Each structure stands twice: as structure tokens, then as C-alpha cells.
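Okay, structure first, notes after.
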Amino acid sequence: MRRSRYFLPILRQDPKEAEIVSHRLMLRAGLVRQASAGIYSWLPFGHRVLKKIERIVREEQDRAGALEVLMPTIQSADLWRKSGRYDDYGEEMLRIKDRHDRDMLYGPTNEELITDIFRDGVRSYRELPRNLYHIQWKFRDEIRPRFGVMRGREFLMKDAYSFDLSAQAGRHSYNKMFVSYLRTFERLGLKAIPMAAETGPIGGDMSHEFIILADTGESQVYCHKDLIDMAVPGDDIDYDSDLEPVVRRWTSLYAASDDEHDPARFEREVPAEARISARGIEVGHIFFFGSKYSKPLGCVVQDGQGRNVAVESGSYGIGVSRLVGAIIEASHDGAGIIWPESVAPFKVGLINLKSGEAGTDRACDDIYAKLSNARIEVLYDDTSERAGAKFNTMDLIGLPWQLIVGPRGLADGQVELKRRSTGEAVSLSIDDALGRLSA
RNA sequence: CGGGGCAUGGCGCAGUCUGGUAGCGCACCUGCUUUGGGAGCAGGGGGUCGCAGGUUCGAAUCCUGCUGCCCCGACCA
């Protein structure tokens, strides 16, 4: 993409409403614009990141055997009355009336709807287990939206729902999502730590929040330092195998957020030098809730003895739009964003230091064509801005690689390849630079 | 929902106290000179001063009501 043809509105100054760093950088680097409190429009640059995160989340859900569906944003109030949550959910739920005066709502989550869908489609235990997920916009009318996209009212969430015959079988479904979350966050370039969370009606240890450490996080968290570099299951993980050992390894070390934190246990179980007390951002939450929705909604299957049994369910959320902010919180410096390569909107920024100079233009056009042909995502700054402005813009928007081309280097057949994360730069020939970027 | 604050061109702000017909920096447009870490000079375009009502010869400025947004707290993917 040529910057001269792109829509990338950069702000040189911090908008005054943006308090935390990810919000500031998202506005400055032209990822989003606020439409109203807690509601954002995604501009081309931010939209690319959102889609890349979504893709990784989808790939890892699919790998774990979950099946993608797409449920609507607008739901009828009926199902929510049956589950009893129409009254329980409170002011956070945005209620709407249609022209016939029917009660509708903008979905804050989808347990009711998915349970209804599943009930209509499944009769027999032979069709279990199943896990259905979708990636859809939600609306929760937060009392106080803040931190940009991190606590918006409208947000993009992946939510999955598992259906099993028994609680024991449900545990395996839960473990699958647990493992898939470890892999998902790793691929997003994040160190996410599963932490015991409030367990809800069923009890047990079947609820975890996945939290990444960042100074600006909303929650205070405590954990053993070994969790930070604990190895994540690789591509060869077999989701049909017993995942209990993996889950046990990850949950045997102490990790808790503020509300579940037990200082005495923390000090007893974790040696002083291994204790980490930090701020964290919740990017995922999984929990098992048994028959909480299947019972009131009549979602039953026949078991092997012909008896009707309410299915056992869990739900599993990842805040996709929140992750854009969370990744920036975890990966930036004074100059701007530093995108992990897996979610970067473009892999490389090509900087023409002297647009309008025939030789430099020719070299850049040639490099741009070669990168494009090799399907390497490149943002080519072909504008007539001065070099300094281009450098600053490129640092701000945080593409992993900068390929810097100017007449001075070209005279010796050299260009400069700079890595955004370290600032380290090398001079090399155009072919070598292209070779490195293709690797 | 309690407490605090803000609203003036795309962004950041001054002007409001003390009423007199809107200004600065950046951005934008034109030209010239420049060009390896946010260039200089000259010229130029753009504002219902959040909305409604009131006071006044005259309102960005004073009064009343409303709306939007931000921050702190309690609550949450």
C-alpha cells in the first residue's frame, strides 16, 4: 500500500481525552476514532489489526475442534425472560423496542441464544460433545466506559459454548479451551497467565481469567514468576488426548487476581524471590456453568439409557477488540507502537527519504513491486514529507521492519533495514534486504 | 450512580473574571528555497464559539435550562 493512497490520519499531538498509552497511540496512529462514549469506528489501519487478531483466534478455536457460527447482535427478550436474566442483567443490557413494540435487546452475550439453537438441533448424547463459537459485536452499557477500546461499551468478542453429557466430559471441553487460549495468546505475542477466578454456581476450580501483565492494567494480580516463561503447548498438541497434565502444570503455581488473592497462601506457596505482584489486563475468561441455562431452556439430550438429561455447558470468551489495546499496552515505547509480527497491520514500512528524486523513486518503486509480488505486506511512504517526519511517523505506527532508502545509501548500492523493536539497523544491498524480509 | 472538570477551525490551546463583532501553534492549500530524525520564508483557505432560551444597543464572554465528553470512586470481556 502506498501511503499517498492510504487513509492514515496521524495526530501529532495527544488528544486530551486519551489518558492511557494504548488509547493515545490508537488515536494518534489512526487506528480508531471515537463515535460516542465507549463506541469506536475502526479505520483501515486498526481494522487490519483487528482482523489479524480475529484470524489467529479463529485458527486456534478451529484447531481445538470448535465450530464457527454467527449469531445476531439483536436478540428477542423472550429467551432472556426464560433464563431469568432479563431482569437480572440490569442496566448494562441495552433494551430496544421494535416497531411492533416487541422487547428486543442488543446482545451482551449469547448463552441463551446458543442454548436455544443447540436444543433445536440435538436430541442424542451421541452428538455430544460439541463446541460452537462466534466472533461478534457485543454491547454492554457500562456505567463508565474508559481506556478507549479496552473498556468500550461496544466490543468485539469471541465467545464459545461447550455442550457435554456430564460434568466430567465438560471438564475435557474446558481443558481444550484452556490449552487453546494459551496457544492463542502466545501467537499474539503476549504472555498471558491463567488465574483462578470466581467460580459461580458450580464451584470447583473451573473458571480462569487469562491476564497479561502491563503497568496500566485494571486489576492487581499476584503470581509465581515461573508462569511468565512457562512453555506453551506446540502445534503438535492432540486435543483428543488427556489435557489434564498441561492444565495441572499451569495451575499448580500460585496465580490470582485481587478478588481471589489469599496473601497467606501466596507467602506460604511462593518463595519471596519468585513472588510477582503486578498490574494485569484480562483478555480472556473461561468458565464452566453446568446446566444453568440448559435447565430453564429445556436443552436436554437422551443418554444411553433413554433418559432425558440437561446438557452441561461452559462458556469461553476472548476480548478481540480489547486485545488491540492490550497488545499496545504490552508493546510500545516512547516513540510509539511496536507491533508483534503476527498482528502487525503491515510487516514492513518502506521509507523513501527523498521522494521526487528520480533514482530514489525508481529504487523504491522497484522494491515496492518486489515485496508486493512476494506477498509481503508493505506500507510504502511515498509522500513528499521530509525524512524526519517519515521516521517519526513510521516509529509511531510501529511496523516491525523499516526499509530505509535514500540517495546517499543508494550511491553505494546500500539500503538500511531497521527493526522497530530493538532499533537495530543494518546497511545491506537491496537483494539482501529483500532476502531477509522474505525469510 | 456519587464527586470533580471540560466544550472556541482537523488536533492542542488562548480569549470568558472586566460584554464591543474571534486569535495562536500544529495540520491543510499555493509558490520559492530546502531535504538522512517532526525545515525556512511569503501568500492563502477554513470557525452556527455544544444546543435552546433570556438580559443588553451589542453576548464566545452575563443569567437559566439542556446535551455531549473526560477524570476519580463503586461495578465489569
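Sequence lines set the chain letters: A, B, ... in the order given, protein chains first and strands last, and positions in each chain run from 1. Remember, it's a predicted structure, so these values are computed and weren't measured experimentally.
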Name all pairs fulfilling the salt bridge (charged side-chain N to carboxylate O under 4.0 Å, His left out) condition that reach into residues 344-358 of chain A, sequence neighbours left out, sorted by first residue then second.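 Those involving residues 344-358 of chain A are A/E341-A/K347.
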Salt bridge (charged side-chain N to carboxylate O under 4.0 Å, His left out): pairs with one or both residues in residues 22-48 of chain A, sequence neighbours excluded: A/D14-A/R24, A/D14-A/R28, A/R48-A/E377
Please enumerate all residues that pass side chain to side chain donor-acceptor pair (under 3.5 Å) together with [X], with sequence neighbours excluded.
X      : result
A/D258 : none
A/D382 : A/R2, A/S4
A/Q136 : none
A/T184 : none

Under 4.0 Å, heavy atoms only, any strand: does [X] hit a base, just the sugar-phosphate, or nothing?
X      : result
A/D159 : nothing
A/G406 : base
A/G423 : nothing
A/E416 : base
A/K158 : nothing
A/T393 : base
A/K16  : sugar-phosphate

Hey, what are the protein-to-nucleotides 27-33 of chain B N/O distances that come in under 3.5 Å?
residue : atom : partner : partner atom : Å
B/rA27  : OP1  : A/R12   : NH2          : 3.4

Please say whether more than 12 non-hydrogen atoms of neighbouring residues, nucleotides or ligands are located less than 6.0 Å from CG in A/D366. yes
Taking atom NZ as the centre, does A/K295 end up with more than 12 heavy-atom neighbours from other residues, nucleotides or ligands that are less than 6.0 angstrom away?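 Atom NZ in A/K295 is not crowded, with 12 or fewer foreign heavy atoms closer than 6.0 Å.
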Using a strict cut-off of less than 4.0 Å between a Lys/Arg side-chain nitrogen and an Asp/Glu carboxylate oxygen, indicate whether A/K82 and A/D116 qualify as a salt bridge. no
5' to 3', nucleotides 44-52 of chain B under a 4.0 Å protein heavy-atom cut-off (B base, S sugar-phosphate only, - none) gives ---------
Near RNA chain B, under 4.0 Å by heavy atom, which residues of residues 42-61 of chain A? none
Contacts to RNA chain B from residues 346-365 of chain A, heavy-atom cutoff under 4.0 Å, which residues?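 Result for residues 346-365 of chain A: A/L353, sorted by number.
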Determine which pairs satisfy ring pair (Phe, Tyr, Trp, His ring centres under 6.0 Å) with at least one residue from residues 418-439 of chain A, sequence neighbours left out, and list them in order. none
Pairs satisfying ring pair (Phe, Tyr, Trp, His ring centres under 6.0 Å), at least one member in residues 345-365 of chain A, at least two apart: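 Those involving residues 345-365 of chain A are A/Y6-A/F346.
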Of the listed nucleotides (B/rA39, B/rA77, B/rG25), which one gets closest to any side-chain atom of A/Q13?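 Out of B/rA39, B/rA77, B/rG25, the nucleotide with an atom closest to A/Q13's side chain is B/rG25.
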Taking any strand in view, what nucleotide pairs with B/rC1 in a Watson-Crick or G-U wobble way, both distances under 3.5 Å?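 Matched B/rC1 with B/rG73 under the 3.5 Å cut-off.
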Scan every strand shown for a Watson-Crick or G-U wobble partner of B/rG20, both distances under 3.5 Å, and answer none if you come up empty.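 B/rC57 - that is the nucleotide pairing with B/rG20, both distances being under 3.5 Å.
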Stacking between A/F155 and the base of B/rA77 (centre distance under 5.5 Å, interplanar angle under 30°)? yes
In whole Å, I'd like the distance from the CD atom of A/Q220 to the P atom of B/rA74. 13 Å
Hey, which of these two, A/R28 or A/G38, hits RNA chain B nearer its 5' end, going by closest nucleotide? A/R28
I'd like to know if A/D14 reaches the base of B/rG12 with its side chain, counting only an N/O donor and acceptor under 3.5 Å. no
